[in-house]
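Taking it in order: structure first as structure tokens, then the write-up.
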Amino acid sequence: VQLVESGGGLVQAGRSLRLSCAASSRTFEAYPIAWFRHAAGYELEFVTAVSGSGRRTYYAEHVKGRFTISRDNVKNTEYLQMNSLKPEDTAVYSCALRVSTYQTESYYPTTLEYHLWGQGTQVTVSS
């Protein structure tokens, strides 16, 4: 399985972007998938995740109410809708897939819990 992100770019603060993460295999639909981001000078951090079924979503505090994660298991694609963007949201955003059938509805916020990563897409928010 390969993951390919798209949708990044340069936007002004307050605007929106939608990122996509497309998987190359139908096995995508069984597994939890997440977004992490890496800002310059900071460690990779958890942003949001969605369970294998899509029924459960989890968000970091700093994006709650602004970002929405969703998945379309027919299209093998995950989406991250980012609204009210702030300059501090500037980072490389990467999607990550947890390739495990164990507790696919649970919360997995750390990088070690994910097995497959996309190459990342740059999001830059200007003030």
Side-chain angles (χ1 to χ4, degrees):
V1 179
Q2 290 185 321
L3 303 177
V4 179
E5 301 98 334
S6 61
L10 172 64
V11 294
Q12 289 185 324
R15 304 297 291 268
S16 299
L17 273 178
R18 188 175 82 156
L19 305 183
S20 299
C21 174
S24 60
S25 169
R26 289 298 303 272
T27 57
F28 162 93
E29 65 186 57
Y31 305 131
I33 193 164
W35 288 95
F36 288 79
R37 69 185 184 187
H38 190 192
Y42 294 86
E43 293 185 352
L44 191 64
E45 67 170 356
F46 172 82
V47 177
T48 179
V50 60
S51 66
S53 68
R55 289 192 294 268
R56 295 190 176 190
T57 56
Y58 305 95
Y59 295 94
E61 282 299 319
H62 51 276
V63 304
K64 278 184 180 178
R66 299 190 298 123
F67 290 12
T68 303
I69 189 171
S70 61
R71 66 190 301 162
D72 184 335
N73 286 339
V74 174
K75 296 182 178 180
N76 298 334
T77 303
E78 176 200 27
Y79 303 99
L80 178 60
Q81 178 66 42
M82 305 186 294
N83 298 329
S84 302
L85 282 162
K86 304 175 181 180
E88 51 264 43
D89 294 318
T90 295
V92 175
Y93 285 72
S94 298
C95 60
L97 186 68
R98 174 175 168 82
V99 185
S100 172
T101 57
Y102 179 73
Q103 295 188 344
T104 58
E105 299 299 292
S106 297
Y107 174 48
Y108 299 104
T110 67
T111 59
L112 292 176
E113 293 166 317
Y114 294 86
H115 308 95
L116 190 67
W117 293 77
Q119 82 287 352
T121 185
Q122 177 71 46
V123 171
T124 302
V125 184
S126 63
S127 58

May I have all residue pairs that pass salt bridge (charged side-chain N to carboxylate O under 4.0 Å, His left out) and include part of [range], sequence neighbours excluded?
| range | answer |
| --- | --- |
| residues 69-82 | none |
| residues 81-97 | Arg37-Asp89, Arg66-Asp89 |
| residues 50-64 | Glu61-Lys64 |

**OP:** Take Met82 and Tyr93, measure what side-chain contact (heavy atoms from CB on, under 4.5 Å) needs, and give me the verdict at the end.
**Re:** CA-CA 11 Å; Met82 305 186 294; Tyr93 285 72; 3.9 Å; yes
Whether [X] side chain and [Y] backbone form a donor-acceptor pair below 3.5 Å:
| X | Y | answer |
| --- | --- | --- |
| Thr68 | Gln81 | no |
| Arg98 | Glu113 | yes |
| Thr104 | Thr101 | no |
| Glu105 | Ser53 | yes |

Report the distance from atom [atom1] of [X] to atom [atom2] of [Y], rounding to the nearest 0.5 Å.
| X | Y | atom1 | atom2 | value |
| --- | --- | --- | --- | --- |
| Ile33 | Ser51 | CD1 | OG | 11.5 Å |
| Phe67 | Leu85 | CZ | CG | 5.0 Å |
| Leu80 | Leu19 | CG | CG | 5.0 Å |

Subject >> Transitive ILVMFWY cluster of Phe46, excluding itself - 4.5 Å side-chain cut-off >> reply: Phe36, Leu44, Tyr58, Tyr102, Tyr107, Tyr108, Tyr114, Trp117
Throw together a table of side-chain donor-acceptor distances under 3.5 angstrom for residues 119-127, partners on residues two or more places apart or in other chains.
{"residue": "Gln119", "atom": "NE2", "partner": "Glu5", "partner atom": "O", "Å": "3.4"}
{"residue": "Gln119", "atom": "NE2", "partner": "Glu5", "partner atom": "OE1", "Å": "3.4"}
{"residue": "Thr121", "atom": "OG1", "partner": "Gly8", "partner atom": "N", "Å": "3.2"}
{"residue": "Gln122", "atom": "NE2", "partner": "Ala91", "partner atom": "O", "Å": "3.4"}
{"residue": "Gln122", "atom": "NE2", "partner": "Thr124", "partner atom": "OG1", "Å": "3.3"}
{"residue": "Ser126", "atom": "OG", "partner": "Val11", "partner atom": "O", "Å": "3.4"}

Subject >> Joint hydrophobic cluster, Val47 plus Leu116, side-chain heavy atoms closer than 4.5 Å >> reply: yes
Original post:
Which pairs with one or both residues in residues 77-127 pass disulfide bond (SG atoms under 2.5 Å apart), sequence neighbours excluded?
Top reply: Cys21-Cys95
**OP:** Give the minimum heavy-atom separation between Ile69 and Tyr59, together with the two atoms involved.
**Re:** N-OH, 2.9 Å
